Amino acid sequence: MHIETQIADILDTVLGLQGRGRDFGRDTPLLGALPELDSMAVLSLITALEEHFGLAFDDDELDGAAFATLGTLADLVRAKTGG
């Protein structure tokens with residue numbers, strides 16, 4: 001399964017999107033575009049990504065740009081996993 005697909009599934013679950021995440025592509029805007037993705041949801045999303053992919057993000061790796069689109073988030077995960 002592609003990283004983007006896995007992240008879309010995680011977004012769908014964490015944000016309670018009821019299946020809308022399945023339609024997300026690399027260019028789907030996230031932060032600022034999804035009302036469900038507020039500051040508390042970002043923390044839950046980070047935790048879910050860390051648990052799912054078995055990684056840990058450093059604070060300096062996480063900024064608004066990382067959550068701009070599904071693609072930017074996938075690139076961040078890819079960089080951390082070497083995938």
Side-chain angles (χ1 to χ4, degrees):
M1 185 182 295
H2 288 81
I3 287 179
E4 285 85 357
T5 304
Q6 293 175 60
I7 294 173
D9 287 345
I10 292 167
L11 280 163
D12 198 82
T13 300
V14 169
L15 302 180
L17 300 177
Q18 301 177 340
R20 287 186 304 159
R22 288 186 215 117
D23 297 328
F24 289 1
R26 274 193 64 79
D27 296 329
T28 300
L30 301 177
L31 197 58
L34 293 174
E36 298 89 351
L37 191 57
D38 59 17
S39 58
M40 292 303 292
V42 167
L43 294 175
S44 296
L45 177 59
I46 291 167
T47 300
L49 290 170
E50 289 177 331
E51 289 175 1
H52 180 84
F53 291 103
L55 50 85
F57 292 109
D58 296 324
D59 290 341
D60 62 346
E61 294 175 301
L62 301 170
D63 58 20
F67 297 91
T69 66
L70 179 62
T72 58
L73 192 52
D75 292 344
L76 175 66
V77 170
R78 230 181 237 105
K80 287 294 286 186
T81 62

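Just so it is clear, the values below take in all heavy atoms, side chains as well, and ignore hydrogens, waters and symmetry mates. All figures in this text were calculated on a predicted structure; none of them were measured in a lab.
Contact detail for Gly21 and Ala8: the closest heavy-atom pair is O-CB, 3.3 Å.
When side chains are defined from C-beta on, Leu76 does not count as touching Phe67, because their heavy atoms never get closer than 4.5 Å. With contacts defined as side-chain heavy-atom distances shorter than 4.5 Å, the pair Leu62/Val42 does not qualify. Within the 4.5 Å cutoff, the side chain of Asp75 has heavy atoms near those of the Arg26 side chain.
The backbone N or O of Asp60 sits nowhere less than 3.5 Å from a side-chain atom of Asp58 that would complete a donor-acceptor pair. Side chain of Glu50 to backbone of Phe57: a donor-acceptor contact under 3.5 angstrom is found.
Hydrophobic clustering (ILVMFWY, side-chain heavy atoms < 4.5 Å, transitive): Leu11 and Leu55 are in one cluster.
The distance from the NE2 atom of His2 to the CZ atom of Arg78 is 8.0 Å, given to the nearest 0.5 Å. Note that OG1 of Thr28 and CZ of Arg20 are 11.0 Å apart. Values are rounded to the nearest 0.5 Å. Considering NZ of Lys80 and CG of Leu49, their distance stands at 12.0 Å, rounded to 0.5 Å. Thr72 contributes atom OG1, which lies 6.5 Å from atom CG of Leu30 (distance to the nearest 0.5 angstrom). Considering CG of Leu70 and CG of Leu34, their distance stands at 10.0 Å, rounded to 0.5 Å. Rounded to the nearest 0.5 angstrom, Thr5 OG1 and Arg22 CZ are separated by 12.0 Å.
Within a 6.0 Å sphere centred on CG of Asp27, heavy atoms belonging to other residues, nucleotides or ligands number 12 at most. Heavy atoms from other residues, nucleotides or ligands lying under 6.0 Å from CG of Asp59 number 12 at most.
With Ile10 as reference, Leu45 is the one residue of Leu45, Leu15, Val77, Leu73 to meet the side chain to side chain contact (heavy atoms under 4.5 Å, CB included) rule.
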